[in-house]
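For reference, the structure discussed in these notes is given below.
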Amino acid sequence: MSAVLDPAIEPVGYPVIELTKLSKRFDGQGTPAINALSTQFKAGAISGLVGPDGAGKTTLLRVLAGLLSPSEGAVRVLGLDPVRDAGQLREQVGYMPQKFGLYEDLTVQENLNLYADLRHVVGEARRASFEHLLAFTDLKRFTSRYAGKLSGGMKQKLGLACSLLGTTKVLLLDEPGVGVDPISRRELWMMVRSLVQGGMTVVWSTAYLDEAELCDDVRLMNAGQFIANGPPAALMDRMRGRCWSVTGISGQRRGVLQRALRLSEVMDGAIQGQNVRLVLREDANCPDMALLDAGPDAHWQPVEPRLEDAFITLLGGGPGGDSVLAQVLPQPLLPPEVDPEAVIEARALTKRFGDFVATDRVTFKVRRGEIFGLLGPNGAGKSTTFKMECGLLKPSAGQALVMGYDLKTSPTQARQRLGYMAQKFSLYRQLTVQQNLVFFSGIYGLQGRAQVAKIAQMVEVFGLQPYLNGVAELLPLGFKQRLALACAVMHEPQLLFLDEPTSGVDPVTRREFWTHINGLADKGVTIMVTTHFMDEAEYCDRMALIYRGAMIALGTPDALKASAATEALPNPSMEDAFIALIRAADAKNMQEGVAA
(Lines give C-alpha, C1' and ligand atoms only; values in the text may rest on other atoms or scores of the structure.)
Protein backbone atom coordinates (compact mmCIF):
# COMPACT_ATOMS: atom_id res chain seq x y z
CA MET A 1 0.00 0.00 0.00
CA SER A 2 1.34 3.44 -0.92
CA ALA A 3 1.97 5.94 1.83
CA VAL A 4 -0.63 8.68 2.18
CA LEU A 5 1.01 12.09 2.50
CA ASP A 6 -0.53 15.17 4.05
CA PRO A 7 -1.73 17.37 1.15
CA ALA A 8 0.07 20.37 2.60
CA ILE A 9 3.45 18.67 2.12
CA GLU A 10 2.80 16.41 -0.88
CA PRO A 11 5.25 17.24 -3.67
CA VAL A 12 3.65 18.06 -7.01
CA GLY A 13 3.90 15.00 -9.18
CA TYR A 14 3.22 12.39 -6.48
CA PRO A 15 0.77 9.87 -8.06
CA VAL A 16 -2.34 10.21 -5.90
CA ILE A 17 -4.63 8.24 -8.26
CA GLU A 18 -3.44 5.23 -10.25
CA LEU A 19 -5.42 3.29 -12.86
CA THR A 20 -4.23 -0.04 -14.27
CA LYS A 21 -6.20 -1.43 -17.24
CA LEU A 22 -9.40 -0.24 -15.58
CA SER A 23 -12.69 -1.27 -17.23
CA LYS A 24 -16.35 -1.01 -16.31
CA ARG A 25 -19.21 -2.84 -18.03
CA PHE A 26 -22.89 -2.48 -17.27
CA ASP A 27 -25.42 -5.29 -17.65
CA GLY A 28 -26.77 -5.46 -21.18
CA GLN A 29 -24.07 -3.15 -22.52
CA GLY A 30 -21.80 -4.77 -25.10
CA THR A 31 -19.09 -2.10 -25.14
CA PRO A 32 -17.47 -1.17 -21.81
CA ALA A 33 -18.31 2.30 -20.50
CA ILE A 34 -14.61 2.65 -19.69
CA ASN A 35 -12.16 0.36 -21.39
CA ALA A 36 -8.66 -0.65 -20.15
CA LEU A 37 -7.69 2.77 -18.82
CA SER A 38 -4.18 3.17 -17.41
CA THR A 39 -2.89 6.51 -16.11
CA GLN A 40 -1.80 8.44 -13.03
CA PHE A 41 -3.23 11.66 -11.62
CA LYS A 42 -0.62 13.78 -9.89
CA ALA A 43 -0.84 15.66 -6.59
CA GLY A 44 -1.22 19.42 -6.54
CA ALA A 45 -2.76 19.63 -10.02
CA ILE A 46 -6.11 20.08 -11.76
CA SER A 47 -6.48 17.21 -14.23
CA GLY A 48 -9.22 17.62 -16.82
CA LEU A 49 -11.42 14.86 -18.23
CA VAL A 50 -12.79 16.00 -21.58
CA GLY A 51 -15.00 14.08 -23.96
CA PRO A 52 -18.33 13.92 -25.78
CA ASP A 53 -21.52 12.79 -24.10
CA GLY A 54 -21.21 9.07 -23.28
CA ALA A 55 -17.39 9.08 -23.44
CA GLY A 56 -17.12 7.56 -19.94
CA LYS A 57 -16.19 10.61 -17.85
CA THR A 58 -18.93 10.23 -15.24
CA THR A 59 -18.42 6.45 -15.02
CA LEU A 60 -14.71 6.96 -14.31
CA LEU A 61 -15.39 9.54 -11.61
CA ARG A 62 -17.95 7.28 -9.95
CA VAL A 63 -15.39 4.44 -9.91
CA LEU A 64 -12.82 6.78 -8.34
CA ALA A 65 -15.39 7.83 -5.72
CA GLY A 66 -16.12 4.19 -4.82
CA LEU A 67 -19.71 4.34 -6.06
CA LEU A 68 -19.09 1.74 -8.79
CA SER A 69 -16.96 -1.40 -8.67
CA PRO A 70 -14.58 -1.99 -11.61
CA SER A 71 -15.30 -4.92 -13.91
CA GLU A 72 -11.59 -5.46 -14.60
CA GLY A 73 -8.30 -3.85 -13.70
CA ALA A 74 -7.31 -1.92 -10.61
CA VAL A 75 -7.70 1.56 -9.18
CA ARG A 76 -5.94 3.15 -6.22
CA VAL A 77 -6.84 6.47 -4.66
CA LEU A 78 -4.37 7.66 -2.00
CA GLY A 79 -3.03 4.10 -2.10
CA LEU A 80 -6.42 2.62 -1.17
CA ASP A 81 -9.11 0.66 -3.00
CA PRO A 82 -12.15 2.99 -3.34
CA VAL A 83 -14.66 0.17 -2.78
CA ARG A 84 -12.91 -2.07 -0.25
CA ASP A 85 -11.45 0.85 1.73
CA ALA A 86 -14.45 3.16 1.41
CA GLY A 87 -14.55 3.86 5.15
CA GLN A 88 -10.98 5.15 5.19
CA LEU A 89 -11.45 7.24 2.04
CA ARG A 90 -14.84 8.77 2.90
CA GLU A 91 -13.41 11.83 4.60
CA GLN A 92 -10.45 12.18 2.22
CA VAL A 93 -12.26 12.14 -1.13
CA GLY A 94 -14.80 14.80 -2.07
CA TYR A 95 -17.17 14.05 -4.97
CA MET A 96 -19.46 16.58 -6.58
CA PRO A 97 -21.72 14.81 -9.11
CA GLN A 98 -23.10 16.46 -12.22
CA LYS A 99 -26.53 16.80 -10.64
CA PHE A 100 -25.36 17.60 -7.14
CA GLY A 101 -27.47 16.08 -4.39
CA LEU A 102 -28.43 19.28 -2.60
CA TYR A 103 -31.70 19.15 -0.73
CA GLU A 104 -33.55 22.12 -2.15
CA ASP A 105 -36.03 22.28 0.72
CA LEU A 106 -33.18 22.58 3.24
CA THR A 107 -31.27 25.79 3.93
CA VAL A 108 -27.59 26.29 3.15
CA GLN A 109 -26.72 25.58 6.78
CA GLU A 110 -28.95 22.51 6.95
CA ASN A 111 -27.30 21.06 3.85
CA LEU A 112 -23.88 21.62 5.42
CA ASN A 113 -25.08 19.97 8.64
CA LEU A 114 -26.33 16.94 6.74
CA TYR A 115 -23.10 16.41 4.80
CA ALA A 116 -21.03 16.98 7.92
CA ASP A 117 -23.02 14.18 9.61
CA LEU A 118 -22.48 11.89 6.62
CA ARG A 119 -18.72 12.50 6.70
CA HIS A 120 -18.45 12.29 10.51
CA VAL A 121 -17.27 15.87 10.97
CA VAL A 122 -18.10 16.76 14.58
CA GLY A 123 -17.15 19.05 17.45
CA GLU A 124 -14.58 21.79 16.99
CA ALA A 125 -13.55 20.44 13.57
CA ARG A 126 -17.16 20.86 12.41
CA ARG A 127 -17.43 24.44 13.66
CA ALA A 128 -14.06 25.41 12.15
CA SER A 129 -14.94 23.73 8.81
CA PHE A 130 -18.24 25.58 8.56
CA GLU A 131 -16.64 28.92 9.34
CA HIS A 132 -13.83 28.38 6.83
CA LEU A 133 -16.04 27.03 4.02
CA LEU A 134 -18.73 29.70 4.38
CA ALA A 135 -16.05 32.40 4.17
CA PHE A 136 -14.28 30.60 1.32
CA THR A 137 -17.45 30.33 -0.81
CA ASP A 138 -18.90 33.70 0.32
CA LEU A 139 -22.09 31.96 1.46
CA LYS A 140 -22.04 33.19 5.07
CA ARG A 141 -24.74 35.77 4.28
CA PHE A 142 -27.03 33.08 2.88
CA THR A 143 -26.99 30.32 5.53
CA SER A 144 -30.74 30.65 6.13
CA ARG A 145 -31.67 30.65 2.43
CA TYR A 146 -33.20 27.48 0.98
CA ALA A 147 -30.91 25.74 -1.50
CA GLY A 148 -33.69 25.74 -4.09
CA LYS A 149 -33.72 29.56 -3.99
CA LEU A 150 -30.00 29.91 -4.76
CA SER A 151 -28.72 30.95 -8.17
CA GLY A 152 -26.90 28.36 -10.28
CA GLY A 153 -23.49 29.71 -9.28
CA MET A 154 -24.37 29.76 -5.58
CA LYS A 155 -25.65 26.18 -5.77
CA GLN A 156 -22.30 25.13 -7.23
CA LYS A 157 -20.47 26.93 -4.42
CA LEU A 158 -22.61 25.15 -1.83
CA GLY A 159 -21.98 21.85 -3.60
CA LEU A 160 -18.25 22.52 -3.48
CA ALA A 161 -18.43 23.38 0.23
CA CYS A 162 -20.27 20.12 0.99
CA SER A 163 -17.67 18.18 -1.02
CA LEU A 164 -14.84 19.73 1.00
CA LEU A 165 -16.16 18.80 4.45
CA GLY A 166 -13.70 16.55 6.26
CA THR A 167 -10.00 16.26 5.47
CA THR A 168 -10.40 16.31 1.69
CA LYS A 169 -7.23 15.43 -0.22
CA VAL A 170 -8.81 14.44 -3.54
CA LEU A 171 -11.67 16.38 -5.14
CA LEU A 172 -13.71 14.88 -7.99
CA LEU A 173 -15.85 17.39 -9.92
CA ASP A 174 -18.29 16.21 -12.60
CA GLU A 175 -19.01 19.13 -14.96
CA PRO A 176 -19.46 21.76 -12.22
CA GLY A 177 -19.62 24.59 -14.78
CA VAL A 178 -22.71 23.37 -16.67
CA GLY A 179 -25.45 26.01 -16.69
CA VAL A 180 -23.30 28.47 -14.73
CA ASP A 181 -22.59 31.98 -16.02
CA PRO A 182 -19.02 33.08 -16.84
CA ILE A 183 -18.58 35.15 -13.67
CA SER A 184 -19.63 32.28 -11.39
CA ARG A 185 -17.49 29.88 -13.42
CA ARG A 186 -14.42 32.08 -12.96
CA GLU A 187 -15.08 32.35 -9.23
CA LEU A 188 -15.37 28.56 -9.02
CA TRP A 189 -12.06 28.16 -10.85
CA MET A 190 -10.33 30.64 -8.53
CA MET A 191 -11.56 28.73 -5.50
CA VAL A 192 -10.47 25.35 -6.87
CA ARG A 193 -7.10 26.74 -7.98
CA SER A 194 -6.47 28.00 -4.44
CA LEU A 195 -7.21 24.50 -3.11
CA VAL A 196 -4.71 23.00 -5.55
CA GLN A 197 -2.05 25.49 -4.46
CA GLY A 198 -2.49 24.00 -1.00
CA GLY A 199 -1.65 20.55 -2.39
CA MET A 200 -5.09 19.13 -3.15
CA THR A 201 -5.55 16.87 -6.19
CA VAL A 202 -8.52 17.73 -8.43
CA VAL A 203 -10.04 15.75 -11.29
CA TRP A 204 -12.38 18.06 -13.22
CA SER A 205 -14.74 16.65 -15.86
CA THR A 206 -15.97 19.21 -18.38
CA ALA A 207 -17.60 19.63 -21.77
CA TYR A 208 -16.32 23.23 -21.98
CA LEU A 209 -13.03 23.22 -23.87
CA ASP A 210 -12.12 26.77 -22.88
CA GLU A 211 -12.49 25.58 -19.28
CA ALA A 212 -10.27 22.56 -19.98
CA GLU A 213 -7.52 24.93 -21.20
CA LEU A 214 -7.18 26.10 -17.59
CA CYS A 215 -6.29 22.59 -16.35
CA ASP A 216 -2.69 21.58 -15.66
CA ASP A 217 -3.16 18.50 -17.80
CA VAL A 218 -6.06 16.94 -19.67
CA ARG A 219 -7.18 13.53 -20.84
CA LEU A 220 -9.38 13.54 -23.92
CA MET A 221 -11.87 10.67 -23.79
CA ASN A 222 -13.99 8.98 -26.43
CA ALA A 223 -15.88 5.66 -26.34
CA GLY A 224 -14.47 4.82 -22.90
CA GLN A 225 -10.80 5.30 -23.81
CA PHE A 226 -8.16 8.01 -23.58
CA ILE A 227 -7.38 9.25 -27.09
CA ALA A 228 -4.87 11.93 -26.05
CA ASN A 229 -3.39 13.37 -22.88
CA GLY A 230 -0.96 16.02 -21.78
CA PRO A 231 -0.78 19.72 -20.92
CA PRO A 232 -3.37 21.76 -22.86
CA ALA A 233 -0.64 23.91 -24.43
CA ALA A 234 1.09 20.83 -25.88
CA LEU A 235 -2.18 19.55 -27.41
CA MET A 236 -2.96 22.97 -28.86
CA ASP A 237 0.53 23.28 -30.36
CA ARG A 238 -0.26 20.29 -32.58
CA MET A 239 -2.81 22.50 -34.36
CA ARG A 240 -0.47 25.41 -35.04
CA GLY A 241 -0.64 26.55 -38.66
CA ARG A 242 -4.04 24.95 -39.26
CA CYS A 243 -6.30 27.60 -37.65
CA TRP A 244 -7.44 30.57 -39.75
CA SER A 245 -10.03 33.32 -39.69
CA VAL A 246 -11.89 34.73 -42.69
CA THR A 247 -12.12 38.47 -41.99
CA GLY A 248 -13.56 41.40 -43.91
CA ILE A 249 -16.67 39.42 -44.87
CA SER A 250 -19.36 41.18 -46.88
CA GLY A 251 -22.87 39.80 -46.58
CA GLN A 252 -24.05 36.80 -44.58
CA ARG A 253 -21.35 35.09 -42.49
CA ARG A 254 -23.56 32.00 -42.02
CA GLY A 255 -23.41 31.38 -45.75
CA VAL A 256 -19.62 31.74 -45.74
CA LEU A 257 -19.33 29.15 -42.97
CA GLN A 258 -21.64 26.77 -44.80
CA ARG A 259 -19.69 27.05 -48.05
CA ALA A 260 -16.36 26.63 -46.24
CA LEU A 261 -17.45 23.45 -44.48
CA ARG A 262 -18.32 21.88 -47.84
CA LEU A 263 -14.68 22.14 -48.94
CA SER A 264 -12.36 19.14 -48.59
CA GLU A 265 -9.59 21.29 -47.06
CA VAL A 266 -11.76 22.36 -44.09
CA MET A 267 -12.21 20.11 -41.07
CA ASP A 268 -14.18 22.38 -38.74
CA GLY A 269 -15.52 25.90 -38.49
CA ALA A 270 -17.46 28.32 -36.33
CA ILE A 271 -18.76 31.87 -36.45
CA GLN A 272 -16.76 34.34 -34.36
CA GLY A 273 -18.46 37.74 -34.40
CA GLN A 274 -18.26 39.09 -37.95
CA ASN A 275 -15.52 36.58 -38.83
CA VAL A 276 -15.59 32.87 -39.62
CA ARG A 277 -12.98 30.73 -37.83
CA LEU A 278 -11.84 27.60 -39.69
CA VAL A 279 -9.61 24.60 -38.95
CA LEU A 280 -7.89 23.05 -41.97
CA ARG A 281 -7.04 19.41 -42.43
CA GLU A 282 -3.45 18.38 -41.90
CA ASP A 283 -1.15 19.58 -44.72
CA ALA A 284 -4.04 21.45 -46.41
CA ASN A 285 -3.63 25.00 -47.74
CA CYS A 286 -6.16 27.79 -47.38
CA PRO A 287 -8.73 27.31 -50.14
CA ASP A 288 -9.36 29.89 -52.83
CA MET A 289 -11.27 32.77 -51.22
CA ALA A 290 -13.51 32.98 -54.29
CA LEU A 291 -15.03 29.61 -53.33
CA LEU A 292 -16.30 31.15 -50.08
CA ASP A 293 -18.03 34.07 -51.83
CA ALA A 294 -17.15 36.22 -48.81
CA GLY A 295 -16.86 39.54 -50.67
CA PRO A 296 -14.05 41.57 -52.24
CA ASP A 297 -12.43 42.58 -48.95
CA ALA A 298 -12.36 39.10 -47.38
CA HIS A 299 -8.94 37.70 -46.54
CA TRP A 300 -7.25 34.95 -44.53
CA GLN A 301 -5.73 35.69 -41.14
CA PRO A 302 -3.91 33.13 -38.95
CA VAL A 303 -5.28 32.68 -35.42
CA GLU A 304 -4.03 30.94 -32.31
CA PRO A 305 -5.16 27.31 -31.91
CA ARG A 306 -7.56 26.31 -29.14
CA LEU A 307 -7.96 23.05 -27.28
CA GLU A 308 -11.35 22.68 -28.95
CA ASP A 309 -9.57 22.51 -32.32
CA ALA A 310 -7.41 19.58 -31.15
CA PHE A 311 -10.42 17.84 -29.59
CA ILE A 312 -12.62 18.04 -32.69
CA THR A 313 -9.72 17.01 -34.91
CA LEU A 314 -9.10 13.91 -32.81
CA LEU A 315 -12.77 12.99 -33.20
CA GLY A 316 -12.50 13.24 -36.98
CA GLY A 317 -13.80 16.77 -37.53
CA GLY A 318 -17.04 18.67 -37.14
CA PRO A 319 -20.48 17.68 -38.46
CA GLY A 320 -20.44 19.86 -41.59
CA GLY A 321 -22.37 23.01 -42.42
CA ASP A 322 -25.58 21.78 -44.08
CA SER A 323 -28.67 21.30 -41.95
CA VAL A 324 -30.94 18.45 -43.00
CA LEU A 325 -33.58 19.94 -40.71
CA ALA A 326 -33.53 23.28 -42.53
CA GLN A 327 -33.70 21.46 -45.87
CA VAL A 328 -36.90 19.56 -45.00
CA LEU A 329 -38.79 22.41 -43.32
CA PRO A 330 -40.63 24.90 -45.56
CA GLN A 331 -39.79 28.59 -45.56
CA PRO A 332 -42.05 30.34 -43.04
CA LEU A 333 -44.12 33.19 -44.43
CA LEU A 334 -45.02 36.26 -42.40
CA PRO A 335 -48.53 37.67 -42.77
CA PRO A 336 -48.40 41.08 -44.53
CA GLU A 337 -49.57 42.86 -41.39
CA VAL A 338 -46.53 41.69 -39.37
CA ASP A 339 -43.59 44.10 -39.21
CA PRO A 340 -40.48 42.08 -40.28
CA GLU A 341 -38.37 44.40 -38.09
CA ALA A 342 -40.34 43.46 -34.96
CA VAL A 343 -41.31 39.78 -35.17
CA ILE A 344 -40.49 39.54 -31.45
CA GLU A 345 -40.81 42.68 -29.35
CA ALA A 346 -40.44 43.71 -25.71
CA ARG A 347 -41.96 47.03 -24.71
CA ALA A 348 -40.92 48.24 -21.25
CA LEU A 349 -41.27 44.62 -20.18
CA THR A 350 -41.43 44.29 -16.38
CA LYS A 351 -41.95 41.39 -13.98
CA ARG A 352 -42.28 41.66 -10.21
CA PHE A 353 -42.39 38.86 -7.67
CA GLY A 354 -43.70 40.64 -4.58
CA ASP A 355 -41.25 43.46 -3.89
CA PHE A 356 -38.55 41.90 -6.08
CA VAL A 357 -38.22 43.28 -9.63
CA ALA A 358 -36.90 40.42 -11.79
CA THR A 359 -37.18 42.29 -15.11
CA ASP A 360 -37.28 46.09 -15.22
CA ARG A 361 -38.59 47.93 -18.32
CA VAL A 362 -36.66 45.87 -20.89
CA THR A 363 -37.21 47.01 -24.49
CA PHE A 364 -35.96 45.50 -27.76
CA LYS A 365 -37.09 44.28 -31.21
CA VAL A 366 -36.03 41.12 -33.08
CA ARG A 367 -36.07 41.02 -36.89
CA ARG A 368 -37.30 38.20 -39.12
CA GLY A 369 -34.60 35.56 -39.59
CA GLU A 370 -32.42 37.04 -36.85
CA ILE A 371 -30.66 35.03 -34.14
CA PHE A 372 -31.09 37.16 -31.02
CA GLY A 373 -29.29 36.23 -27.81
CA LEU A 374 -30.27 36.95 -24.22
CA LEU A 375 -27.23 36.84 -21.95
CA GLY A 376 -26.76 37.50 -18.27
CA PRO A 377 -25.47 36.03 -15.01
CA ASN A 378 -27.53 33.48 -13.09
CA GLY A 379 -30.44 35.24 -11.42
CA ALA A 380 -30.05 38.42 -13.50
CA GLY A 381 -33.50 38.27 -15.11
CA LYS A 382 -32.74 36.91 -18.59
CA SER A 383 -34.76 33.70 -18.09
CA THR A 384 -37.68 35.73 -16.71
CA THR A 385 -37.53 37.99 -19.77
CA PHE A 386 -37.30 34.96 -22.03
CA LYS A 387 -40.29 33.26 -20.39
CA MET A 388 -42.46 36.35 -20.75
CA GLU A 389 -41.57 36.61 -24.46
CA CYS A 390 -42.67 33.04 -25.15
CA GLY A 391 -45.81 33.21 -23.00
CA LEU A 392 -44.75 31.17 -19.95
CA LEU A 393 -44.95 34.15 -17.57
CA LYS A 394 -47.36 37.08 -17.56
CA PRO A 395 -45.73 40.53 -17.38
CA SER A 396 -46.48 42.77 -14.40
CA ALA A 397 -46.20 45.76 -16.74
CA GLY A 398 -45.26 46.47 -20.33
CA GLN A 399 -45.85 44.17 -23.28
CA ALA A 400 -44.37 40.98 -24.74
CA LEU A 401 -45.35 40.64 -28.40
CA VAL A 402 -44.91 37.87 -30.95
CA MET A 403 -45.81 38.66 -34.58
CA GLY A 404 -47.89 41.55 -33.29
CA TYR A 405 -49.86 39.42 -30.81
CA ASP A 406 -49.72 40.53 -27.19
CA LEU A 407 -48.92 37.40 -25.17
CA LYS A 408 -50.94 38.75 -22.24
CA THR A 409 -54.19 39.16 -24.22
CA SER A 410 -53.76 36.74 -27.16
CA PRO A 411 -51.56 33.90 -25.87
CA THR A 412 -53.16 31.10 -27.92
CA GLN A 413 -52.66 32.79 -31.30
CA ALA A 414 -49.03 33.59 -30.43
CA ARG A 415 -48.11 30.13 -29.14
CA GLN A 416 -49.34 28.43 -32.31
CA ARG A 417 -46.62 30.26 -34.21
CA LEU A 418 -43.66 29.52 -31.97
CA GLY A 419 -41.57 26.52 -30.95
CA TYR A 420 -40.02 26.24 -27.50
CA MET A 421 -37.11 24.20 -26.19
CA ALA A 422 -36.63 24.45 -22.43
CA GLN A 423 -33.38 24.77 -20.46
CA LYS A 424 -34.26 21.84 -18.20
CA PHE A 425 -35.29 19.18 -20.69
CA SER A 426 -39.05 19.76 -21.07
CA LEU A 427 -39.98 16.34 -22.42
CA TYR A 428 -41.81 13.65 -20.47
CA ARG A 429 -38.98 11.57 -19.10
CA GLN A 430 -41.02 8.41 -18.44
CA LEU A 431 -42.50 8.34 -21.94
CA THR A 432 -40.67 6.71 -24.82
CA VAL A 433 -39.18 8.75 -27.63
CA GLN A 434 -42.08 7.69 -29.88
CA GLN A 435 -44.66 8.69 -27.25
CA ASN A 436 -43.05 12.10 -26.78
CA LEU A 437 -43.13 12.74 -30.52
CA VAL A 438 -46.79 11.72 -30.72
CA PHE A 439 -47.73 13.81 -27.69
CA PHE A 440 -46.01 17.03 -28.76
CA SER A 441 -47.13 16.79 -32.38
CA GLY A 442 -50.68 16.38 -31.09
CA ILE A 443 -50.37 19.45 -28.85
CA TYR A 444 -49.32 21.47 -31.90
CA GLY A 445 -52.41 20.31 -33.81
CA LEU A 446 -50.93 17.60 -36.06
CA GLN A 447 -53.28 14.67 -36.70
CA GLY A 448 -53.73 11.69 -38.98
CA ARG A 449 -51.41 11.21 -41.94
CA ALA A 450 -49.78 14.62 -41.46
CA GLN A 451 -48.80 13.66 -37.92
CA VAL A 452 -47.41 10.26 -38.95
CA ALA A 453 -45.43 11.80 -41.80
CA LYS A 454 -43.96 14.59 -39.65
CA ILE A 455 -42.90 12.16 -36.90
CA ALA A 456 -41.21 9.92 -39.48
CA GLN A 457 -39.43 12.94 -40.92
CA MET A 458 -38.11 14.06 -37.51
CA VAL A 459 -36.97 10.52 -36.66
CA GLU A 460 -34.93 10.41 -39.87
CA VAL A 461 -33.50 13.94 -39.54
CA PHE A 462 -32.31 13.45 -35.95
CA GLY A 463 -31.33 9.76 -36.16
CA LEU A 464 -33.82 8.71 -33.48
CA GLN A 465 -34.80 5.31 -34.94
CA PRO A 466 -32.60 3.19 -32.57
CA TYR A 467 -34.12 4.96 -29.54
CA LEU A 468 -37.84 5.05 -30.43
CA ASN A 469 -38.93 2.51 -27.83
CA GLY A 470 -36.57 3.71 -25.09
CA VAL A 471 -37.72 6.11 -22.37
CA ALA A 472 -36.52 9.69 -22.79
CA GLU A 473 -34.93 9.75 -19.32
CA LEU A 474 -32.34 7.14 -20.36
CA LEU A 475 -31.26 8.81 -23.60
CA PRO A 476 -27.70 10.16 -23.89
CA LEU A 477 -27.76 13.94 -23.34
CA GLY A 478 -27.08 14.74 -26.99
CA PHE A 479 -30.07 12.67 -28.11
CA LYS A 480 -32.28 14.20 -25.41
CA GLN A 481 -31.47 17.58 -26.92
CA ARG A 482 -32.15 16.30 -30.46
CA LEU A 483 -35.51 14.97 -29.35
CA ALA A 484 -36.37 18.24 -27.62
CA LEU A 485 -35.53 20.21 -30.77
CA ALA A 486 -37.54 17.77 -32.91
CA CYS A 487 -40.59 18.29 -30.69
CA ALA A 488 -40.14 22.07 -30.84
CA VAL A 489 -40.12 22.32 -34.67
CA MET A 490 -42.59 19.63 -35.77
CA HIS A 491 -45.33 22.20 -36.38
CA GLU A 492 -42.99 24.28 -38.58
CA PRO A 493 -42.98 27.40 -36.39
CA GLN A 494 -42.14 30.90 -37.61
CA LEU A 495 -40.32 31.62 -34.33
CA LEU A 496 -38.11 29.44 -32.16
CA PHE A 497 -37.28 30.03 -28.49
CA LEU A 498 -34.24 28.10 -27.25
CA ASP A 499 -33.35 28.26 -23.54
CA GLU A 500 -29.71 27.14 -23.18
CA PRO A 501 -30.21 24.46 -25.85
CA THR A 502 -26.66 23.07 -25.73
CA SER A 503 -25.94 23.27 -21.99
CA GLY A 504 -23.57 20.46 -21.06
CA VAL A 505 -23.17 18.93 -24.52
CA ASP A 506 -19.79 18.43 -26.17
CA PRO A 507 -18.43 20.71 -28.94
CA VAL A 508 -19.31 18.35 -31.81
CA THR A 509 -22.95 18.12 -30.71
CA ARG A 510 -22.95 21.88 -30.14
CA ARG A 511 -21.73 22.38 -33.72
CA GLU A 512 -24.52 20.13 -34.98
CA PHE A 513 -27.15 22.17 -33.13
CA TRP A 514 -25.85 25.48 -34.43
CA THR A 515 -25.78 24.12 -37.97
CA HIS A 516 -29.54 23.55 -37.58
CA ILE A 517 -30.08 26.94 -35.93
CA ASN A 518 -28.11 28.76 -38.64
CA GLY A 519 -29.98 26.88 -41.36
CA LEU A 520 -33.37 27.73 -39.86
CA ALA A 521 -32.44 31.41 -39.51
CA ASP A 522 -31.37 31.50 -43.16
CA LYS A 523 -34.79 30.04 -44.03
CA GLY A 524 -36.42 33.00 -42.26
CA VAL A 525 -37.18 31.49 -38.83
CA THR A 526 -36.73 34.11 -36.09
CA ILE A 527 -34.77 32.71 -33.15
CA MET A 528 -34.29 33.86 -29.58
CA VAL A 529 -31.69 31.97 -27.56
CA THR A 530 -30.23 32.13 -24.06
CA THR A 531 -26.75 30.80 -23.37
CA HIS A 532 -23.93 30.83 -20.83
CA PHE A 533 -21.44 29.57 -23.42
CA MET A 534 -19.68 32.68 -24.67
CA ASP A 535 -18.22 31.18 -27.86
CA GLU A 536 -21.79 30.17 -28.70
CA ALA A 537 -22.96 33.75 -28.21
CA GLU A 538 -20.73 34.71 -31.16
CA TYR A 539 -23.27 33.03 -33.48
CA CYS A 540 -25.94 35.59 -32.54
CA ASP A 541 -26.64 38.47 -34.93
CA ARG A 542 -27.35 40.68 -31.93
CA MET A 543 -27.65 40.15 -28.21
CA ALA A 544 -29.01 41.86 -25.12
CA LEU A 545 -27.14 41.64 -21.82
CA ILE A 546 -29.50 41.55 -18.82
CA TYR A 547 -28.21 42.33 -15.33
CA ARG A 548 -30.16 42.96 -12.14
CA GLY A 549 -33.34 42.99 -14.19
CA ALA A 550 -32.21 45.74 -16.56
CA MET A 551 -30.83 45.62 -20.09
CA ILE A 552 -27.31 47.05 -19.79
CA ALA A 553 -26.09 46.40 -23.35
CA LEU A 554 -27.56 45.70 -26.79
CA GLY A 555 -25.65 45.09 -30.01
CA THR A 556 -23.68 42.71 -32.19
CA PRO A 557 -21.06 40.44 -30.59
CA ASP A 558 -18.27 42.54 -32.11
CA ALA A 559 -19.84 45.78 -30.86
CA LEU A 560 -20.10 44.44 -27.30
CA LYS A 561 -16.47 43.24 -27.43
CA ALA A 562 -15.32 46.62 -28.77
CA SER A 563 -17.13 48.42 -25.95
CA ALA A 564 -15.09 46.42 -23.43
CA ALA A 565 -11.71 46.90 -25.14
CA THR A 566 -8.97 48.62 -23.13
CA GLU A 567 -5.31 49.45 -23.65
CA ALA A 568 -4.41 46.43 -21.50
CA LEU A 569 -6.90 44.17 -23.32
CA PRO A 570 -7.32 45.50 -26.89
CA ASN A 571 -8.97 42.33 -28.25
CA PRO A 572 -11.27 41.01 -25.52
CA SER A 573 -13.05 37.69 -25.89
CA MET A 574 -16.82 37.52 -25.54
CA GLU A 575 -16.32 36.26 -21.98
CA ASP A 576 -14.01 39.19 -21.22
CA ALA A 577 -16.64 41.58 -22.58
CA PHE A 578 -19.42 39.91 -20.56
CA ILE A 579 -17.49 40.29 -17.32
CA ALA A 580 -16.30 43.83 -18.10
CA LEU A 581 -19.84 45.04 -18.86
CA ILE A 582 -21.17 43.49 -15.63
CA ARG A 583 -18.41 45.11 -13.58
CA ALA A 584 -19.02 48.46 -15.27
CA ALA A 585 -22.71 48.21 -14.38
CA ASP A 586 -21.79 47.43 -10.76
CA ALA A 587 -19.47 50.44 -10.64
CA LYS A 588 -22.18 52.69 -12.08
CA ASN A 589 -24.76 51.41 -9.58
CA MET A 590 -22.31 52.00 -6.74
CA GLN A 591 -21.61 55.57 -7.89
CA GLU A 592 -25.32 56.32 -8.23
CA GLY A 593 -25.93 54.83 -4.78
CA VAL A 594 -23.21 57.02 -3.25
CA ALA A 595 -24.54 60.09 -5.08
CA ALA A 596 -28.07 59.40 -3.84
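- Taking 4.0 Å as the cut-off between side-chain N and carboxylate O, D541 and R253 count as a salt-bridged pair.
- Checked for salt-bridge contact, E492 and K523 miss the test: no charged N lies under 4.0 Å from a carboxylate O.
- A cation-pi arrangement, defined by a distance under 6.0 Å to the six-membered ring centre and an angle within 45 degrees of its axis, is present between R482 and F479.
- Using a 4.0 Å cut-off between charged nitrogen and carboxylate oxygen, R306 and E213 do not count as a salt-bridge pair.
- Looking only at atom types and distance, the side chain of D576 has a donor-acceptor partner in the side chain of S573 under 3.5 Å away.
- Applying the 6.0 Å contact sphere to CD of Q447 captures no more than 12 heavy atoms from other residues, nucleotides or ligands.
- Ionic pairing of D309 and R242 is not present here: no N-O contact between side-chain nitrogen and carboxylate oxygen is shorter than 4.0 angstrom.
- For R347 and D406, the salt-bridge test fails: no basic side-chain N is under 4.0 Å from an acidic carboxylate O.
- Side-chain polar atoms of N469 and Q434 form no donor-acceptor pair below 3.5 angstrom.
- Ring pair F462/H516: centre-to-centre distance below 6.0 Å.
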Practice item. Evaluate the salt bridge (Lys or Arg N to Asp or Glu O under 4.0 Å) criterion for residues E575 and R186: first the C-alpha distance (whole Å), next the side-chain angles of each, then the deciding distance (0.1 Å), finally the verdict. Key: CA-CA 10 Å; E575 182 169 307; R186 280 199 182 182; 3.0 Å; yes
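- A tilted orientation is assigned to the rings of Y420 and F386, their planes being inclined by 30° to 60°.
- Under 4.0 Å is where a charged nitrogen must lie from a carboxylate oxygen, and between E304 and R240 at least one such pair does.
- Side chain to side chain, T384 and T359 fail the donor-acceptor criterion of an N or O pair below 3.5 Å.
- In summary, E175 and K57 engage in a salt bridge, as defined by a charged side-chain N under 4.0 Å from a carboxylate O.
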